[in-house]
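Some notes on the structure that comes next.
In this chain, numbering begins with 1 at the start of the sequence shown.
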Amino acid sequence: MNRLGLAAALTGFAAVALGAFGAHGLSLNGDALDWWNKATLYGLVHAAAALAISISVQADLLRRAGWAFILGVVIFSGCLYAMALGAPRWLGAVVPLGGVSFLAGWALAAASAVRR
């Protein structure tokens, strides 16, 4: 089983479903709406990147990049979704950890490309 591919597909599914829910089922304004939209965008972009990695070569660094993207979506998007739904704003201090995970993923992808 391709666990990275499964995680990427489920992450992409969740981002689309949550994006649709935000557009049609929630009444968000201001910061909350911005957080929701940003969480959805980053979730979709990084789910797609992780899915592309999952079906590419089995290079170790590249697979680690994919998992870093998934971790970033869970932390970054998860915290923004939670805050948009009323979670404490201190959770915003955790969001950058997801961003660091995204950056690590892109750095690992670049390092893998250099090694080829």
Side-chain angles (χ1 to χ4, degrees):
M1 175 171 53
N2 182 343
R3 289 181 287 198
L4 177 57
L6 177 61
L10 293 175
T11 301
F13 180 93
V16 170
L18 289 167
F21 178 63
H24 303 291
L26 291 176
S27 295
L28 300 174
N29 297 309
D31 284 344
L33 181 60
D34 290 340
W35 295 332
W36 196 271
N37 290 335
K38 187 168 292 189
T40 300
L41 173 65
Y42 277 58
L44 277 172
V45 166
H46 289 88
L51 184 61
I53 287 169
S54 79
I55 60 176
S56 71
V57 215
Q58 299 298 316
D60 188 47
L61 280 178
L62 199 53
R63 297 210 50 89
R64 288 182 188 189
W67 284 111
F69 291 152
I70 298 298
L71 179 62
V73 170
V74 169
I75 296 170
F76 184 91
S77 296
C79 288
L80 289 179
Y81 284 134
M83 286 176 20
L85 294 174
R89 289 181 68 101
W90 63 260
L91 210 53
V94 178
V95 172
L97 296 176
V100 168
S101 187
F102 290 148
L103 292 171
W106 288 113
L108 287 165
S112 177
V114 168
R115 285 190 176 183
R116 284 185 161 190

Minimum heavy-atom distance A39-L80, with the two atoms named: CB-CB, 3.8 Å

Does one hydrophobic cluster hold both F76 and V45, with members joined at side-chain heavy-atom distances below 4.5 Å? yes

Got a second to check how far R63's CZ is from I53's CD1, nearest 0.5 Å? 9.0 Å

Looking only at heavy atoms, which two atoms of I70 and A50 are closest? And how far apart? CD1-CB, 3.8 Å

side-chain hydrogen bond (donor to acceptor under 3.5 Å, both in side chains) contacts in which one or both residues fall within residues 30-43, not counting sequence neighbours: T40-Y81

Is there a side-chain contact between W67 and R3 (heavy atoms, below 4.5 Å)? yes

Between L41 and L28, is there shared hydrophobic-cluster membership here, with clusters defined by ILVMFWY side-chain heavy atoms closer than 4.5 Å? no

Taking distance alone, no hydrogens or angles, what donor-acceptor pairs closer than 3.5 Å link side-chain atoms of residues 87-110 to residues at least two apart or in another chain?
| from | atom 1 | to | atom 2 | distance (Å) |
| --- | --- | --- | --- | --- |
| S101 | OG | A68 | O | 2.6 |
| S101 | OG | G72 | N | 3.3 |
| W106 | NE1 | H46 | NE2 | 3.2 |

Look up atom CG in L4 and atom CZ in R64, then write down how far apart they are to the nearest 0.5 Å. 13.0 Å

Grab the two heavy atoms, one from A84 and one from A32, that are nearest each other, plus how far apart they are. CB-O, 3.4 Å

A7 and T11: which non-hydrogen atoms are nearest, and at how many Å? O-OG1, 2.7 Å

Consider only side-chain heavy atoms of I, L, V, M, F, W and Y, link residues closer than 4.5 Å, and tell whether L33 and L26 are in one cluster. yes

If I compare all heavy atoms of L62 with all of S112, which pair ends up nearest, and what's the gap? CB-OG, 3.6 Å

Can you tell me if N2 uses its side chain to pair, donor with acceptor, with the backbone of S54 under 3.5 Å? yes

